[in-house]
Structures are given as structure tokens and as C-alpha cells.
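Beneath this line is the structure, given in C-alpha cells, with notes to follow.
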Amino acid sequence: MGKAIVIDVSKCSGCYNCQLACKDEHVGNDWTPYAKPQPEIGQFWLKLQENVCGTIPKVKIHYIPKMCNHCRKANCLEACPNGAVSRRDDGFIEIAPEKCKGCKKCAKACPYEAIYWNEELKISQKCTGCAHLLDAGEKLPRCVEACPTDAMQFGDEDKLEDIEGATVMMPETGCLPRVYYRNIPGKFIAGTVYDPAAKEVVIGAKCRLTTGGRIWEAVTDNYGDFWFKDLAVGKYDLAIDAKGFESKYWQGLHTRDDINLGDIPLTK
């Protein structure tokens, strides 16, 4: 089955240890025949992507470590005319630096933009899965070893328990990645309900969100806030009802982006 990595986004604290460990392992170190040294700047074989969602004060932040997906159907492997890109027995895709002719076809073929160009050496480079460490008897790639929250799990693909229910990036590419993700947050709709006459928030207002026959319900908390989280991209209708106030309605709220409706005044 080969090796795989499962990343639980809900456990990632954004400490950047994985990104730093990758740089520490590969910058200034020549691991030929696995890889030549990674440049100090311009390349992140593992890059922690910060995602800031919503608008102040309704903001949520999550982090997604991104790297080569070591795909089962690797476009880079098929695109390389020189035999520099190959698949190891453990499933990892590697670019042999001594065979790379600098045509850049592998990078152009990668839909994940995970392959970098080394201008000094005139070769393509990317995450190796720390194959040099694994072949030397180490159990984990540096990024996985460095994670303090155990957000990253590594092992045989058919034995990783966390892989069940996980997803992959851009499944529509058909590349069949070996890097899996759990608990990537969906979109949200949020707001704060208040009484402009009394100049105070409305607690316990009933909020009802609907789309395609599905219904979500929430009530405003002690701060007048409501949140509908982990929503799929689509159009939603929202109704807010509070005793003694006129109802408030929205139609066709589109969650292509997270929605902060801001301060919502109710009229008596």
C-alpha cells in the first residue's frame, strides 16, 4: 500500500515547527542521491498555510500544512522525459537531482504547485518525504517528528486509523494523493443581534438557517452572537426571531466566502 501522512487540521496550532524542521533538515545539507540542498529562501517543501476566515470581529483562523502529495497518479512522473522523477517502493515520489535536466515539465504538470525551481543548480526540487532518514532507519519524516500536537501522523496507508473519513486536496485532479486531511473547517455564517433602542444585545434570539430542505438552528448567546459553522459552499436562507421584535430575513446568502453579517438591529 505504501506510506501516507494524515494531518488533523483541528490539532494544528500554527506553531510552524513542521515548516522550520523541513528547512533545518534540507537547507545546507546535501542528501544526494535523494536531494541537493534546499535554498535558504524561495522554497518551502512543507509550507504552513494560514487561513484567516471572516471579518472582524467574527474571525476564525486555521492552518494547513501543505507539501508534495506523493500522488498515486503523479502527473510529474508522467511529464518528466528524462527519467528523473520516479516512485519509490514506499510510494513516495522523488526527483533524482543527478538526472534532472532542468526542463521544468514536472513543475508545470503538478496541480498542487509543490515543485520548486533551484535557479543556482538548474534543477527541480520538492519534498522527499525525508526518504534519506527513512532509509537510514528513522521512523518519521522530520515534519511529523517535530509536530508538538500530534497533528501529523505517518505510517502504512492501510494501517493509519485516522485515514478513515479523511479527504485530500483537490480530489477533482484525479491524482490520488497520499497526504490526507481531517477536520478542515467549512464555511460559516455569523452575526450579532441587538436592540438599538435599549442599546443592548438580544440574548436567546432564535436563528434558523435553511438550504435544500436542510435546517440548522441556533440561539444567540450572552453576547448576542450566533454562529453556523462547517457549512458547505452554497446558498442559504436565514431567519431570526426574538420575542417582542419583528422577524429578520435573508435569502440567498452565498458561502463562497465566510459571512459575517455584523451587528443586526431588531425592531420592536
Side-chain angles (χ1 to χ4, degrees), residues 1-26 38 43-72 90-93 112-114 126-131 133-134 138-171 173 175-190 216 218 221 225-233 255 257-260:
M1 288 291 292
K3 302 295 185 181
I5 295 176
V6 181
I7 300 171
D8 190 336
V9 175
S10 68
K11 293 181 179 180
C12 180
S13 63
C15 69
Y16 284 85
N17 274 14
C18 55
Q19 180 173 302
L20 293 171
C22 178
K23 298 293 285 188
D24 180 66
E25 185 66 29
H26 293 283
Q38 180 186 143
Q43 292 195 23
F44 291 95
W45 297 358
L46 185 150
K47 186 173 185 179
L48 193 64
Q49 175 183 290
E50 180 183 76
N51 299 272
V52 181
C53 307
T55 56
I56 296 174
K58 300 292 187 296
V59 175
K60 296 291 184 182
I61 300 176
H62 65 274
Y63 301 88
I64 300 179
K66 290 189 172 182
M67 66 197 82
C68 170
N69 283 277
H70 299 284
C71 305
R72 290 185 193 81
D90 59 13
F92 281 159
I93 300 295
Y112 300 100
E113 299 182 342
K126 68 172 190 66
C127 162
T128 66
C130 284
L133 294 179
L134 300 179
E138 298 292 335
K139 295 182 178 180
L140 301 173
R142 277 292 304 277
C143 58
V144 179
E145 180 188 36
C147 180
T149 61
D150 291 330
M152 305 178 73
Q153 301 294 321
F154 171 79
D156 293 329
E157 191 168 7
D158 58 344
K159 295 180 181 179
L160 285 170
E161 295 181 0
D162 285 350
I163 209 168
E164 185 176 352
T167 187
V168 297
M169 290 294 175
M170 299 167 58
T173 64
C175 292
L176 305 177
R178 291 181 181 273
V179 178
Y180 295 84
Y181 295 88
R182 297 180 59 83
N183 298 316
I184 296 178
K187 302 299 182 180
F188 69 74
I189 296 175
W216 295 262
D221 60 19
D225 294 337
F226 67 89
W227 293 81
F228 292 101
K229 302 177 182 178
D230 291 325
L231 302 173
V233 174
T255 53
D257 295 308
D258 298 279
I259 298 175
N260 172 21

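In what follows, every heavy atom counts, from backbone to side chain, and hydrogens, waters and symmetry copies are set aside.
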Ser10 backbone acceptor or donor facing Asp8 side chain under 3.5 Å: yes

Taking the side chain as every heavy atom from C-beta outward, state whether Tyr180 and Asp162 have any atom pair closer than 4.5 Å. no

Might you point out which heavy atoms bring Ala232 and Thr255 nearest each other, and give the distance in Å? O-OG1, 2.9 Å

Applying the ring-ring contact (aromatic ring centres under 6.0 Å, His included) test to His70, which of Phe154, Tyr112, Phe92 qualifies? Phe92

Mind listing the closest non-hydrogen atom pair of Gln43 and Lys23 along with its distance? O-NZ, 2.7 Å

In short, Pro185 meets Val9 closest at the heavy-atom pair CD-CG1, 4.1 Å

Spacing of Leu140 atom CG and Lys3 atom NZ [to the nearest 0.5 Å]: 9.5 Å

Lys66: partners by salt bridge (Lys or Arg N to Asp or Glu O under 4.0 Å), with sequence neighbours left out: none

Spatial distance of atom OG1 (Thr128) from atom CG (Leu133) [nearest 0.5 Å]: 7.5 Å

Hey, does Met170 have a side-chain heavy atom less than 4.5 Å from the side chain of Asn69? no

Would you check if the side chain of Arg182 reaches a backbone N or O of Ala151 as a donor-acceptor pair within less than 3.5 Å? no

Measure the spacing between NE2 of His26 and SG of Cys127 and express it to the nearest 0.5 Å. 7.0 Å

What do the steps show when you test Asp258 against Lys58 for salt bridge (charged side-chain N to carboxylate O under 4.0 Å, His left out), and what is the final call? CA-CA 9 Å; Asp258 298 279; Lys58 300 292 187 296; over 6 Å; no

Minimum-distance pair of heavy atoms, taken over all atoms of Phe188 and Gly54: CZ-CA, 3.7 Å

Hey, is the main chain of Pro65 close enough, under 3.5 Å, to the side chain of Tyr181 for a donor-acceptor pair? yes

Candidate pair Cys18 and Met67, rule side-chain contact (heavy atoms from CB on, under 4.5 Å), full reasoning: CA-CA 11 Å; Cys18 55; Met67 66 197 82; over 6 Å; no

Any chance you could measure Ile184, atom CD1, to Asp230, atom CG, to the nearest 0.5 Å? 11.0 Å

Show your reasoning for whether side-chain contact (heavy atoms from CB on, under 4.5 Å) applies to Leu160 and Glu157. CA-CA 6 Å; Leu160 285 170; Glu157 191 168 7; 5.7 Å; no

Hey, does Cys12 have a side-chain heavy atom less than 4.5 Å from the side chain of Leu48? yes

OH-CD distance between Tyr16 and Glu50, expressed to the nearest 0.5 angstrom: 5.0 Å

Would you sort out whether Ile7 and Ile64 count as a side-chain contact (heavy atoms from CB on, under 4.5 Å), showing the intermediate values? CA-CA 8 Å; Ile7 300 171; Ile64 300 179; over 6 Å; no

What residues form a salt bridge (Lys or Arg N to Asp or Glu O under 4.0 Å) with Arg142, not counting sequence neighbours? Asp24, Glu25, Glu145

Any donor and acceptor pair, going by atom type alone, linking the side chain of Thr55 with main-chain N or O of Asn260 inside 3.5 Å? no

What's the shortest heavy-atom distance between Asp150 and Gln153, and which atoms? O-NE2, 3.1 Å

Which value, rounded to the nearest 0.5 Å, describes the distance between Leu46 atom CG and Met152 atom CE? 5.5 Å

Side-chain heavy atoms of Cys53 within contact of His62, under 4.5 Å: yes

